[in-house]
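Below is one structure, written out as structure tokens; comments come after it.
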Amino acid sequence: MHSGICMLKRKFSTVTTCTTVEPVTGWLKQQSLPNCSELDDTEYMYDLFSVIIHKGGCYGGHYHVYIKDVDHLGNWQCQEEISDTDLNLKALQNEEDDDPLMILKTILLQEETNQVPVDQLGQRLLKKTGISWNKKFRKQHGPLRKFLQLHPQMFLLSTDESTVSLLRNRFTQASSDFQRHREQILHTLASEPPGLSDSTSCPHWFDINDSKVQPIKEKAITQQFQGKESAYMLFYRKAKLQRPSEARANPRYKVPCHLLKEMDAANIQLQMRRAECDSANNNFELHLHLGPHYRFFNGALHPAVSQTESMWDLTFDKRKTLGDLRQSIFQLLEFWEGDMVLSVAKRVPAGLHVYHTLDGDELTLCEAEIADGEDIFVWNGVEVGGVQIQTGSDCEPLLLHILHLEMSGEGSKCEQLVESQHVFPANAEVGTVFTALAIPVGIILTNCGESADDECWSAIPKEDMKKTFREQGLRNGSLILVQDSDSDDNSLLPRQGRWTSSVDELNWLQVKNFCKLESEEEQVQIAATKHTVVFDIRIKAIKELKLMKELAENSCLRPIDKNGKLLCPVPDACTLEEAEVKMGSSLGLCLGKAPTSSQLFLFFALGTDIHPGTEMEVIVEETLSVRDCLKIMLEKSGQQGEMWHLRKMDWCYEAGEPLCEEDAALKELMICSGDTLLLTEGKLPPPGFLKMPIWWYQPAKLTGHYENRDHSNCASSQGSIWGAAPTQGVPGPKPEDVSLFYLGDVEISEEATLVELKSKAMALPSVLKLAVQSTALLRVWTLENKHPSRLLRTDWRQLKEYRLGRKAEICLELLQKEEDLGPRDVLLRTQLRIPGERAYTLAMDLVWDTTRGWTAGSLRQRVADFYSLPVEKIEIAKYFPEKFEWLPISSWNQQVAKRKKKKNQDTLQGGPYYLKDGDTIGIKNLLFDDDDDFSTVRDDIGKENQKQLALGKKKSREVLRAQSSDVLSSAGMPTRPRGPEASLSIHVASFR
């Protein structure tokens, strides 16, 4: 095809048709192409079909390409030129949707038997129109059953009015009306099609730039980028050049097959990326708070059971309307009855508060100013739990801290400052504080500073008592002091707007006698402030307890925790604030001096299974080495030998990592006063080596029935072969859970590979009796809480890459054949439920490839293929042995999960499943067993045992709480109210 190219550096003027003897090439200077009227030869007639315009300089700018749609491949339809056909078609379709007779006839005609149960007709209508009968037609036409009865000429009800069908004489007419109505719509579509016209006389142009493609009129091209900074290029084609008819509106015309395949793959990938982008940009998460699950108390809304059951998370498209949101929630909440009102709520310190109701179902979520993560309260709009709720920002609940003076004990003249939390509406009068405290009249003082310690208080005048809390400038967390009007002159009344007496002077400490000496008093109450020195409190306690003066040189004060345990001594030179001693706490007067600033007070105990209160104590220098500290502790505990090492107890009161650097000072290892060290038997391996206990793991042979004799026989027979577990630091096997047998210890370098660990384990005498033929037939697990935890794969990896740690324990499992698990493979224990019995078959190992995602559908398909069952005829569930519970796995559970999941909502790696290697999956064949229960007899027994254990622990805690509160109750001191509990979320990375 001959073409002409023209580049001009001036204002663009279009020449749609031109003639030339030769193709136009190169640059043309300030001249137009010759007019086609000057030549009569049509052989040299050319039509303009493309323009490239550049605005900017040689170092940057912007390109636009304008091209004529020669083959009619695009949809040319400007926004302002949309024909009335679309509007008429939409109105025609809306007319059908608004006619209940037409909708019900359509539903009945689509049924094979032309008959539908009346109780299912409403569901069919909801599925077809997206809105229920009650929402759309009930107000105008009444109930659905009554509407059918009022139209006997159209509908035929059965004798018991349980089913409905069309009358036989109306069936043919309804079918013809329905067909005629559809033909009218199709005729409308065919007569006035949107988009391109078949007329070739009207040129259609498209504007293409870096971001989008849109139609443009030919006359509008001349107005693009006018000015001296614009440059353009013109492309012409022969006027007589005609495209074949089969190329018209066919973008795949004569395109090579390999390019078509590449284009189709690129289009599919583009559509997927568009869908992901659309979901990421337009979907956001809403928190639905269900009104029936909330109760109103203490001035705000609170969950009746738990936060997880009261709040649901819903991912929704922000481009949809409030009506769509209401309908989605209505379909999600199948149990909902009555009116449904959606209101915007917010979390405040006092609880949940409802602000305004969402009105206008035609508004989109963006127009309604709903943001991502918005809290939506779903209720009836009037009351919650029988209590009418005030809404709006004017009555927002405020959580205030109220300080009030009370007598510290019966017959005592000393006053104790009590702090309590109260909730008031923001539009309530300040005087309601007296009603909440049951005080007839008094004085209210507000703190101008950030805390009570700022000592900047001011009284509220009597004439301002009728003002609201908001008018007084009070907000959440504000401090208020309330005093009776009949208090003494030496009270906490303000003078000239300033605080006259320090609040700290009214605090007390309780000191108990632990010196094992006879005294008239076992405990005394000492007045103190946070700036009081510990030495002064100790001397006052010795005097008031009437003890010997010699104790002033050989005694110390030690805090007492809530369980009655004596903590690290407090240095005499510190103030209570520096020693972090809280007012109202208890201290113990004990024999012995407190450690100096260069000394450490340490607790230590023998073994790893210890109980609070059984530790021994020692004071050492912080520069002492670990080896010397070990010798001192061994000497004090009466132990001998060198096969010992020290471990530091962690925050879970369990043995932590050993102190490997024996020559390092305690200070260098961050050992502090009050830490607990454990004397553990066994010598530490050299640096860079690991000493790990090796266990033999044998999966249970029977699951479901709880038969002690089978498990005990198995345990006794195997134990006689392999030997018993050691007594120190190694847990014994639990036959009812798993079969674990201790084989011995292996000392190996961290640089060694996994296959070398297997070889060392095979060299143990207990393993030699098993006659394991190859390391490839051994599967290696880490052991946690006497259960296999993490599967170690890839034989060539070094042990240090697994981050095992020095507390790691290993268990071996014998395989029937070799396996090679990839990094994306997950090993699951699958068990098929026995129909008619609450038991399962023998466990079978299933390898699941998660390359395409951790979805419930993928797992269900893999299980169905493994057991040769139809995927729609199985149900699967994960077993949680620590809770004796089965959690069904289904796609529906993933969609309506009540937990917060912003990403990977359909992944089984996250909550609530947390699927990993070694998990047990139960499979139920619905062809023989359609029961929803996955549990077994053993699960019932385990849950009952857990319940009894929990009751025992609760009683123990109550006894300890009663003992710890004896100190405060005997002194008549009121307890400080506990603050609200806060949830703690800990994210642990996966090291698989």
Side-chain angles (χ1 to χ4, degrees), residues 296-302 345-356 387-408 414-507 974 976-977 979-980:
F296 185 85
F297 61 89
N298 199 18
L301 293 167
H302 300 272
K346 292 183 181 179
R347 300 175 187 271
V348 294
L352 189 71
H353 180 64
V354 180
Y355 283 83
H356 64 273
V387 180
Q388 290 190 355
I389 306 300
Q390 294 183 349
T391 62
S393 58
D394 294 337
C395 57
E396 177 182 335
L398 300 179
L399 180 65
L400 304 179
H401 298 271
I402 299 180
L403 304 175
H404 179 57
L405 289 175
E406 292 181 357
M407 293 299 176
S408 60
C414 297
E415 290 182 319
Q416 174 70 26
L417 191 65
V418 178
E419 179 182 346
S420 59
Q421 295 179 349
H422 292 267
V423 179
F424 301 93
N427 57 356
E429 295 181 357
V430 179
T432 55
V433 174
F434 299 127
T435 306
L437 297 179
I439 299 176
V441 67
I443 300 174
I444 298 179
L445 302 98
T446 59
N447 187 11
C448 303
E450 296 295 332
S451 63
D453 301 335
D454 292 344
E455 301 181 1
C456 184
W457 295 76
S458 61
I460 298 178
K462 292 184 178 180
E463 57 271 16
D464 293 342
M465 289 294 179
K466 293 187 177 181
K467 289 186 177 181
T468 64
F469 289 97
R470 180 158 292 170
E471 291 173 348
Q472 287 292 339
L474 297 175
R475 59 184 185 274
N476 283 301
S478 295
L479 288 172
I480 292 180
L481 176 66
V482 180
Q483 183 170 348
D484 299 337
S485 59
D486 55 353
S487 299
D488 299 334
D489 293 338
N490 296 327
S491 62
L492 297 176
L493 287 175
R495 297 176 182 174
Q496 298 178 357
R498 295 291 298 175
W499 192 248
T500 60
S501 180
S502 175
V503 177
D504 294 329
E505 294 176 1
L506 300 173
N507 289 321
R976 186 182 182 93

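Note that this is a predicted model, so its numbers are computed, not measured.
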- Task: Could you tell me whether the side chain of Thr468 and the main chain of Glu471 form a donor-acceptor pair under 3.5 Å?
- Result: yes
- Over all heavy atoms of both residues, which pair between Cys395 and His353 is shortest? Give the atoms and the distance, please. O-CE1, 3.5 Å
- Note on the structure: Between Pro425 and Phe469 the two heavy atoms that sit nearest each other are O-CD1, 3.6 Å
- Note on the structure: Residue pairs meeting salt bridge (charged side-chain N to carboxylate O under 4.0 Å, His left out), one or both in residues 426-446, sequence neighbours left out, come to none
- Test side-chain contact (heavy atoms from CB on, under 4.5 Å) on Ile460 and Val430 and set out the steps. CA-CA 9 Å; Ile460 298 178; Val430 179; 4.0 Å; yes
- To the nearest 0.5 Å, tell me how far Met465 CE sits from Phe434 CZ. 4.0 Å
- Kindly check if the number of other-residue, nucleotide or ligand heavy atoms within 6.0 Å of CD (Glu463) is above 12? yes
- Message: To the closest 0.5 Å, what do you measure between CD (Glu419) and CD1 (Ile480)?
- Response: 12.0 Å
- Could you tell me which non-hydrogen atom of Gly299 sits nearest to which non-hydrogen atom of Pro397, and how far apart they are? O-CB, 3.4 Å
- Intermediate values then yes/no, side-chain contact (heavy atoms from CB on, under 4.5 Å), Leu398 and Val423: CA-CA 5 Å; Leu398 300 179; Val423 179; over 6 Å; no
- Grab the two heavy atoms, one from Phe424 and one from Ile402, that are nearest each other, plus how far apart they are. CE1-CD1, 3.9 Å
- Residues in salt bridge (charged side-chain N to carboxylate O under 4.0 Å, His left out) contact with Lys462, at least two apart in sequence or another chain: none
- Query: Passes side-chain contact (heavy atoms from CB on, under 4.5 Å), Gln472 versus Asp464? Steps please.
  - Reply: CA-CA 8 Å; Gln472 287 292 339; Asp464 293 342; 3.3 Å; yes
- Query: In Å, rounded to the nearest 0.5 Å, how long is the span from OG of Ser458 to CD1 of Ile444?
  - Reply: 11.5 Å
- Message: Listing request: all salt bridge (charged side-chain N to carboxylate O under 4.0 Å, His left out) pairs with a residue in residues 391-404, at least two apart in sequence or in separate chains.
- Response: Glu396-Arg470
- Minimum heavy-atom distance between Leu474 and Thr446, given as atom pair plus value: CD2-CG2, 4.0 Å
- Query: Heavy atoms, side chains only, cut-off 4.5 Å: are Leu352 and His302 in contact?
  - Reply: no
- Task: Specify the closest pair of heavy atoms between Arg475 and Ser478, including all atoms of both residues, with the distance to one decimal.
- Result: O-OG, 2.8 Å
- Donor-acceptor pair, side chain of His356 and main chain of Ser393, under 3.5 angstrom: no
- Message: What verdict does the side-chain contact (heavy atoms from CB on, under 4.5 Å) test give for Ile389 and Leu301, after you've listed the backbone C-alpha separation in whole Å, the side-chain angles of each residue and the deciding distance to 0.1 Å?
- Response: CA-CA 9 Å; Ile389 306 300; Leu301 293 167; 4.1 Å; yes
